[in-house]
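Presented below is the structure to which this report refers.
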Amino acid sequence: MSAMARPRPRVAAAAATAAAAALVLTGCSSSGSSSSEGQVGFVTVKGTNLSKADIGKRGDAPDISGVTLDGNPVKLSDYRGKVVVLNVWGSWCGPCRGEAKSLQAVSEKYKDQGVQFLGINTRDPDKNNAVRFEEEQGVTFPSLYDPAGTQLLKFSKGSLNPQSIPTTLIVDRDGKLAARALGGTTDDALESILQPVVAEQKQ
C-alpha cells in the first residue's frame, strides 16, 4: 500500500508543471485575449489588449515570491506601499525582446514616483540565458526566476491574471491588481495604465 502511495507527490508536481506549461504556451505573441466574458470587476479597453479595474473592484495580487536572477530573495509584499509593475517574460520570447527597452525606459522615468518594476522570468531552464537577455537589453530592475511557472499559477482565474507571455500587470499600493497589458507593450501603452494608478495617491 505504501508503494502505491509514493507516486502521488510526483503526479501532483507533474500536473502543476503541465498547467504552467499550458498557460505559457498560449503566449509569446503580441496579441492576446482578455477572456473577460462573464467576469466582473475589470474592463478591457476596446480595441486594445489593455484591461483595468477601478478602486473597490480590484482583487488581491498573490504574494509571489522566490529568488531573483541575481540570487536575492524577493516577494511582492516587500513592495507594499508602492505601485508595482510586474512583467512576465522569457528570453526565448520575441515580443519580450521587443518591449524590454520600453519597460526599462518607463521604470527609469517613474522610479522616483514610488513605482517598483519586478520581472517574472519563466520557462528559461538555463538561468544564464535570462541573465544574458537582461544584459543585452539593458534591463536593470530585478526579475524573479520562475522557470516552471509555479508563481504564475498563484494568480486566480478570472482576475487580471497573466494569460500570455509577455504580460504586464499593475499592482496598486494596497497590493491589488489594478491593470493588465497582454502581449508586448510600448512605453505609451504602459504609461496609459500606469499613470492613473500612480496618481491615486493624490486623491
Side-chain angles (χ1 to χ4, degrees), residues 23 26-27 30-66 68 74-89 95-96 99 102-120 122 141-144 146 149-203:
L23 183 151
T26 62
S30 58
S31 62
S33 171
S34 67
S35 297
S36 59
E37 292 184 7
Q39 299 168 12
V40 296
F42 64 91
V43 295
T44 299
V45 181
K46 192 172 182 180
T48 75
N49 290 320
L50 306 177
S51 302
K52 57 185 179 180
D54 293 329
I55 296 175
K57 297 182 179 179
R58 297 171 182 171
D60 292 331
D63 193 16
I64 58 171
S65 61
T68 67
V74 66
K75 56 184 177 180
L76 182 59
S77 58
D78 290 341
Y79 304 119
R80 187 63 56 86
K82 289 187 175 184
V83 175
V84 181
V85 179
L86 288 175
N87 177 249
V88 184
W89 64 279
C96 300
E99 70 174 5
S102 290
L103 290 166
Q104 178 63 25
V106 177
S107 74
E108 293 175 359
K109 181 176 180 178
Y110 284 84
K111 66 181 180 181
D112 295 327
Q113 299 184 47
V115 177
Q116 173 67 47
F117 275 59
L118 177 64
I120 305 175
T122 191
F141 55 84
S143 279
L144 189 156
D146 184 31
T150 55
Q151 298 304 306
L152 301 182
L153 294 177
K154 293 182 179 181
F155 289 86
S156 300
K157 185 177 180 180
S159 67
L160 288 175
N161 60 324
Q163 294 181 0
S164 65
I165 309 299
T167 290
T168 302
L169 304 168
I170 310 296
V171 182
D172 69 18
R173 291 178 178 83
D174 295 322
K176 296 183 179 296
L177 293 165
R180 177 185 64 192
L182 291 175
T185 188
T186 63
D187 47 0
D188 289 343
L190 178 54
E191 286 194 75
S192 74
I193 55 174
L194 173 60
Q195 202 283 326
V197 181
V198 173
E200 288 172 0
Q201 65 179 334
K202 302 175 182 178
Q203 297 178 1

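Keep in mind the model is a prediction, meaning the values are calculated, not measured.
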Checking Asp78 against Gln116: is there a side-chain donor and acceptor pair closer than 3.5 Å? no
Could you check Thr168, Thr167, Leu160 and say which one makes a side chain to side chain contact (heavy atoms under 4.5 Å, CB included) with Leu182? Thr167
Within a strict 4.5 Å, meaning less than it, do heavy atoms of the [X] and [Y] side chains meet?
| X | Y | answer |
| --- | --- | --- |
| Leu177 | Val171 | yes |
| Leu86 | Phe155 | yes |
| Val85 | Leu169 | no |
| Leu50 | Ser192 | yes |

In this structure, CG of Asn49 is separated from OG1 of Thr185 (nearest 0.5 Å) by 9.5 Å
Any donor-acceptor pair under 3.5 Å linking the side chain of [X] with the backbone of [Y]?
| X | Y | value |
| --- | --- | --- |
| Asp174 | Lys176 | no |
| Arg180 | Asn161 | yes |
| Arg58 | Ala53 | yes |

Identify, with sequence neighbours excluded, every residue that meets side-chain contact (heavy atoms from CB on, under 4.5 Å) alongside [X].
| X | result |
| --- | --- |
| Gln113 | Tyr110, Val198 |
| Leu144 | Val74, Asp146, Gln151 |
| Asp63 | Lys75, Leu76, Ser77 |

Closest heavy-atom pair and its distance - Ser143, Trp89: OG-NE1, 3.0 Å
Mind listing the closest non-hydrogen atom pair of Glu99 and Pro166 along with its distance? OE2-CB, 3.1 Å
